[in-house]
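Structure first, then comments.
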Amino acid sequence: MENLKQLAYRQNKRIRLLFLASLTKGLAMIGQALFFVWVADAVFLKAASFEEVLPLLGALLLVILLRAGASYWIGRLGIMLSIEARRNLRRDVIHSYKENPLQASIAGQSGRRIGLLLEAIDETDGFFSKYIPQMIQSYTIPLMLLGVIFYLNWTTGLIILITAPFIPLFMAIVGKRTKQKADEKVEQLASFSGTFLDVLQGLTTLRLFGQAKRQSQLIRDNSLKFRDSTMDVLKSAFLSSLTLEYISMLSIGIVALEIGIRLVVFDNIAFFPAFLVLLLVPDFFNLLKDFGSAFHTARGSISSSELLQAELTKQQEPVKWGSAPVQAPVHLALDGVGFQYGDGFQLSPISIDIRAGATTALIGASGSGKSTLMNIMAGLLPASEGRLLINGIPQQQVSEVAWYQNLSYITQDPYVFSGTIKENIVIGATGQVADGELARAAQKAGIMELVESLPDGFSTLVGEAGRGLSGGEKQRLVLARAFLKKPSLVFFDEPTAGLDLRTEQVLQRAIAELSQEATVITIAHRLHTIQQADRIVVLDGGKISAFGTHEELLVKFEPYRRMIDAQQGGKIHE
Amino acid sequence: MSDLKAVFWLTLKEKRDVALAVLFGFLAGLAGVALLGASGYLISKAALTAQMTTLVVMAASLKLFGFAAAITRYGERLFSHRATFTMLGHLRGNLFERLSPLAPGIFQRYKSGDLLSRIVGDVESLQNFLLRVLYPPIVVGMVLLATVFFTSFYSLPVAIVILGGAVFSVVILPMFFAYRRRNKSHTTRASRGEFAAASAEFLYGFRDLKIHLALDRKSEDLQEQAHRYEQAQQKEGLEENRVQSINALFAFLTSFFVLAIGAYFVSTGELSGLYLAMLVMVSLGAFENTGPLAALPAYFEESRIAARRLEEVVDQSPDNSTGLMKQGLPDITVDDVSYHYPSDGRLALENISFHLPAGSKTAIVGPSGSGKSTLLLLLLKVIEPDGGSVQIGGSMLATTQPESLWQRMNVVLQDNHFFAGTIESNLRIASSEARPEQLQEALELVRLAHLELSAPVLEKGRNLSGGEKQRLAMARAFLKRERLWLLDEPFSSVDGLTAQSIYKELFTRHADDSFVVISHDLAGLEAMDQILVLENGRLIESGTYAELMGRRSYFYGLKKIEEEIFV
């Protein structure tokens, strides 16, 4: 909650205006009661003519407009405050996503992260637009009212000073009790309310087994059980507001009694101040109750704010870059490069040298560190120790733009952006792309037939809003990106299964062609790819357990030979 | 309002609770008005006289009305919430009854995850319909009319002013703002959708954006989208604030005119000054109740949209075919079938024809996205072909009642649902009268004998591994004891050895049954009578394993690649 408060107070101009608007509203409230009593007093007791009270009525109209205006202003300031606070939060979160080097490798959490950016930030709205304005009003207006009440009749002021603290006190006690009750029931509630979704999700299964009919009664029954448990919790919540209402009624009653006694028995207070006090006291208690409900709203924002805070305070070391150009072909060297992130993936220090133009295959079981190593080599993840040398220059001194202009990264599950096929292919190219170049790249990637079969050709919309592409088509689209880019370094995460033969052929041919001009590093899943590689790196548990050519490893590295044997069912030696 | 008709009638089903809620709400409003009115009257009276009785009556009436107001408010809340939750129960039941005949076909038309959470969310949001849309204007209207009636005994002009104010704040303002809102609220939803899509693209496409140096541009785009969404939210918020302020202003203005007119008639002697304070206090008290009406337009629009969306989902005619399946083990004939998904222009299946004799074992293979699962959905009549026909056991699927078809099949889909309960309760979905030994036998068949029948299953089976879920689904299919098996990659998360041994046992035990198995891998297909090879929606090859390998064509190519692959 403190974090949110700081965020709100950072907009100190709006906060000051909120105080000002609250003061205005307080004044208007007092003025409204004052002129109202004044008019009543004048015509009722002083027998004034209508003309005499006209100016008072004019003044009353003015303060009513002022009060409505001030309320509108407070509401507006709250909304603007909330919008700007949330805008700042979004900017920070987007910035943190953008700078987070892990983002490239933990796409699995993207759903949660979208939730943070949308729902979690929107849930802080109650705090900014409701709680903060109400809090500021509670700081100012009750004090003003109390001042006036003290001035008019100090005994009433005293009564309020004694009774008012009971409101927050009981609010806290009752709130705690309600929460306890809710906690007791939480499991029951969750299980009843979950039934509906559970049955809906299982509808296909139920239908196929001919069991759907009897479920609607179950849904109704559980809905009723849910109702009864909820009502139990609500009952105690309603009882709590009953208590609060009762306390404020009681306090107002005591004040009325006191005023009545003075008015009737002692006759030492006039109608005017007595009536005025009687009008102001309920306003005072209403403000206290409003603050209570605003506080309740604010509590709803807290868990979201904690989630956001956790995201924003994560320590992430971004990859640093310099300004040195990158000469093709690229020679990569890892000098004791290691990586550690939390308890997640880690990599023991690794030193390898990948000469320009060579093809290197990374192999190993899943979780052996292949992807992490590849991400470090691609400059997507920062090494926690050691140095990555690009053509002998430490990576930190190399220009990021130059580096990525030289690099293609072909993943197993490539992302297709919402846009046209052309936009998706030219995304990595620098400068204008001639139509001929585009067509040649598409041709080489084996996607030209698809493009030609579409009425809109290269302008066909694909991605989220457009036409769906099969796994093989996506793979070829990404290859077209690479052919257009003409990289001097290719990272390739070879697909494990599920591709059509055509894409398989295109992929093999494409990688062979790209490797003529470029250094290629592949996470390899195919024997063919492994056999063709100039160098094979075998990873096991985050360490290099062997490297060499296929033939070398067959001879000198027993686990490798066993692996190949098992995979080929012994065929390799036939 | 027509969108909300169904919800309206469901709400009224709870006549007693709704009536009690309205009654208590009315009494609570009246008690509040009486409290303020009495205090206005009594203080005026006290100013004139020095009778102790005035004081006693004053104290007693304040207590009485105060207490009555608090108690009746409590009753109002209780009954209105009860009525609401009961209504939600009816609504869920009704929806389910109408949705059920449409499933599973309906899940092909919507992204099912979206659809279901939307249904649940929309039902939840309809809880505001009674609480914040339907009954506040009724209760407030009744309180205001009672106030008008009461004040008319003292001063007709004052009563007319209150009536005017009432019409304005209960009828005209909410209707006007609800109308305005209708044209605006879709901007917020649309911009939210765009922002969500942009966020997804930014996060899921992060690596590609980074490598293509497009991250800066894209994050600026994202900020821009966020900005647009926030602007729409701001507009909506400001509108709500406007409604609230105007609503409050009207309440005050009405009391102002009551005072002004009252003061005039007091000065002309047509109204006793004793009642002036009371009349003004009464109008203040009555209009205090109009606060909740400010939120009405927003909730009305929300409820309306929720109700309409729910109606749209279930307002489709179910499959009313009445044809029944013939007895005996069926064969399957697919004749020149084509199909395209409504969201996609191209054909997912193109001119597919084949015949599967009764008692044969068939595998359907092909790369991902080649149409294997679509073909299975056609056999299940979950989707219906654009052209061509499917016959199972001599019955044309187009005229066959789906239940009659499903009754005869043991089906395992890629995504099988498990309900919160126990292993036993999940198995019994297939057969309610199976003996425990039979359940145990089914578990043994799928190599899950280590699971207790009484072991708990959490919702969606999230305490089970992917492989366990698949095997449990197979056990369920086994318990159904029908003779036509349709299996869609039933063991993709089960290790190869276990999968092969389950298949082997299944095929020996049920040597005469018909099997149609979709498989992602090409191992163990030697035992199948027929293999259908799909690519890109077309049946490009079929035959036995030996035939296909001998032909050295597409299947052979796939097999060669599979042999190459290390996992």
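So that the names make sense, note that chain A is the first sequence line, chain B the second, and so on, each numbered from 1.
- For the set A/Glu84, A/Glu400, A/Arg481, A/Lys213, the entry with the most heavy-atom pairs within less than 4.5 Å of chain B is A/Arg481.
- Neither the backbone nor the side chain of B/Val382 has a heavy atom closer than 4.5 Å to any heavy atom of chain A.
- Of the residues considered (A/Leu257, A/Val264, A/Thr411), A/Val264 shows the highest number of contacts with chain B, using heavy-atom pairs under 4.5 Å.
- At a 4.5 Å heavy-atom cutoff, the contact between A/Ala48 and chain B is made by backbone atoms alone.
- In this structure, chain B has a heavy atom under 4.5 Å from the side chain of A/Ile530, while its backbone stays farther away.
- Looking at B/Phe418, the atoms closer than 4.5 Å to chain A (heavy atoms on both sides) all sit in the backbone: N, CA, C or O.
- Ranked by heavy-atom pairs under 4.5 Å with chain B, the list A/Arg91, A/Glu504, A/Arg227, A/Glu494 is led by A/Arg227.
- Considering only heavy-atom pairs separated by less than 4.5 Å from chain A, the leading option among B/Ala196, B/Ser431, B/Ala197 is B/Ala196.
- Heavy atoms closer than 4.5 Å to chain A are found in both the backbone and the side chain of B/Asn94.
- If you measure heavy-atom distances from B/Arg82 to chain A, the contacts under 4.5 Å come from both the backbone and the side chain.
- Of the atoms belonging to A/Gln211, it is side-chain heavy atoms, and not backbone ones, that fall under 4.5 Å from chain B.
- The contact between A/Leu224 and chain B is made entirely by side chain atoms (from C-beta outward), counting heavy-atom distances below 4.5 Å.
- Heavy atoms closer than 4.5 Å to chain B are found in both the backbone and the side chain of A/Asp198.
- A salt bridge is absent between B/Glu535 and A/Arg502; no separation between the charged side-chain nitrogens and carboxylate oxygens falls under 4.0 Å.
- Looking at B/Leu209, both its backbone and its side chain come within 4.5 Å of chain A, counting heavy atoms on both sides.
- Contacts between B/Ile211 and chain A at a heavy-atom distance below 4.5 Å involve backbone atoms as well as side-chain atoms.
- Relative to the ring axis of A/Phe209, B/Lys480 places its NZ or CZ within 45° and under 6.0 Å from the centre.
- Highest contact tally toward chain B, considering only A/Arg87, A/Gln32, A/Met249, A/Glu52, is held by A/Arg87 [criterion: heavy-atom pairs under 4.5 Å].
- Across B/Glu240, B/Gln244, B/Lys218, B/His90, the residue that shares the most heavy-atom pairs under 4.5 angstrom with chain A is B/His90.
- Considering only heavy-atom pairs separated by less than 4.5 Å from chain B, the leading option among A/Arg76, A/Glu51, A/Glu245 is A/Arg76.
- Heavy-atom distances place both the backbone and the side chain of A/Ile261 under 4.5 Å from chain B.
- The residue among B/Ala59, B/Ala260, B/Ala226 with the most heavy atom pairs within less than 4.5 Å of chain A is B/Ala260.
- Contact check on B/Glu220 versus A/Lys98 returns no salt bridge, with no Lys/Arg side-chain nitrogen under 4.0 Å from an Asp/Glu carboxylate oxygen.
- At a 4.5 Å heavy-atom cutoff, the contact between A/Leu278 and chain B is made by side-chain atoms alone.
- Across B/Leu413, B/Leu274, B/Leu276, the residue that shares the most heavy-atom pairs under 4.5 angstrom with chain A is B/Leu274.
- Other residues, nucleotides and ligands contribute more than 12 heavy atoms inside 6.0 Å of the CG atom of A/Asp221.
- Residue contact with chain A, scored on non-hydrogen atoms closer than 4.5 Å, involves the side chain of B/Leu213 exclusively.
- Separation of atoms OH (A/Tyr415) and OH (B/Tyr204) is listed at 8.5 Å; rounding is to 0.5 Å.
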Checking side chain to side chain donor-acceptor pair (under 3.5 Å) for the pair B/Arg92/A/Thr195: CA distance, chi angles, key distance, verdict? CA-CA 11 Å; B/Arg92 289 192 191 104; A/Thr195 322; over 6 Å; no
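- The heavy-atom pair separating A/Leu501 from B/Gly557 by the smallest distance is CD2-C, 3.6 Å.
- With a threshold of 4.5 angstrom between heavy atoms, A/Val265 approaches chain B through side-chain atoms but not through N, CA, C or O.
- Taking every heavy atom of both residues into account, B/Ser44 and A/Phe271 meet most closely at CA-CE1, 3.8 Å.
- A/Thr230 touches chain B through its side chain: at least one heavy atom from C-beta onward sits under 4.5 Å away, while N, CA, C and O do not.
- The two residues B/Gly93 and A/Ile219 have their closest heavy-atom pair at N-CG2, 4.0 Å.
- Put simply, CZ on B/Arg242 and OH on A/Tyr72 are 4.5 Å apart, with the number rounded to the nearest 0.5 Å.
- Of the listed residues B/Leu88, B/Asp216, B/Val123, B/Leu62, the one with more heavy-atom pairs under 4.5 angstrom with chain A than any other is B/Asp216.
- With a 4.5 Å cut-off on non-hydrogen atoms, B/Leu238 touches chain A through its backbone and its side chain both.
- The shortest distance between side-chain heavy atoms of A/Arg90 and B/Glu230 falls below 4.5 Å.
- Heavy atoms of A/Leu279 lying under 4.5 Å from chain B belong exclusively to its side chain.
- For B/Leu99, the parts lying near chain A are the backbone and the side chain together; criterion is any non-hydrogen pair under 4.5 Å.
- Separation of the B/Phe67 and A/Tyr246 ring centroids falls under the 6.0 Å cut-off.
- For the set A/Leu263, A/Val43, A/Leu208, the entry with the most heavy-atom pairs within less than 4.5 Å of chain B is A/Leu208.
- A salt bridge links B/Glu97 with A/Arg220: the distance from a Lys NZ or Arg NE/NH1/NH2 to an Asp or Glu carboxylate oxygen falls below 4.0 Å.
- Residue A/Leu60 holds its CG atom at 10.5 Å from CZ of B/Phe252, rounded to the nearest 0.5 Å.
- Of all heavy-atom pairs spanning B/Gly89 and A/Ser223, the tightest one is CA-CB, 3.3 Å.
- With a 4.5 Å cut-off on non-hydrogen atoms, B/Ala103 touches chain A through its backbone and its side chain both.
- When heavy atoms are compared at a cutoff of 4.5 Å, A/Leu234 approaches chain B solely by way of its side chain, counted from C-beta outward.
- Remark: B/Arg207 is positioned above the aromatic ring of A/Tyr409, its terminal NZ or CZ atom under 6.0 angstrom from the ring centre and at most 45 degrees off the axis.
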May I have the step-by-step check of side chain to side chain donor-acceptor pair (under 3.5 Å) for A/Asp122 and B/Gln233, ending in yes or no? CA-CA 10 Å; A/Asp122 276 345; B/Gln233 277 183 319; 3.1 Å; yes
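- Proximity to chain B (any heavy atom under 4.5 Å) is shown, for A/Val199, by both the backbone and the side chain.
- Shown here for B/Arg77 and A/Ser241, the closest heavy-atom pair between the two residues is NH1-OG, 2.8 Å.
- Only the side chain of A/Ile79 comes within contact range of chain B, judged by heavy atoms closer than 4.5 Å.
- Atom CG of residue A/Leu203 and atom CG of residue B/Leu116 lie 8.0 Å apart, to the nearest 0.5 angstrom.
- In this structure, the portion of B/Glu403 lying under 4.5 Å from any heavy atom of chain A is its side chain and not its backbone.
- Contacts with chain A were tallied for B/Ser272, B/Ser370, B/Gly66; B/Gly66 has the most, counting heavy-atom pairs under 4.5 Å.
- The two residues A/Ala212 and B/Phe96 come nearest to each other via the heavy atoms O-CE2, 3.4 Å.
- Going from atom OH of A/Tyr97 over to atom CZ of B/Phe202 covers 9.5 Å, rounded to the nearest 0.5 Å.
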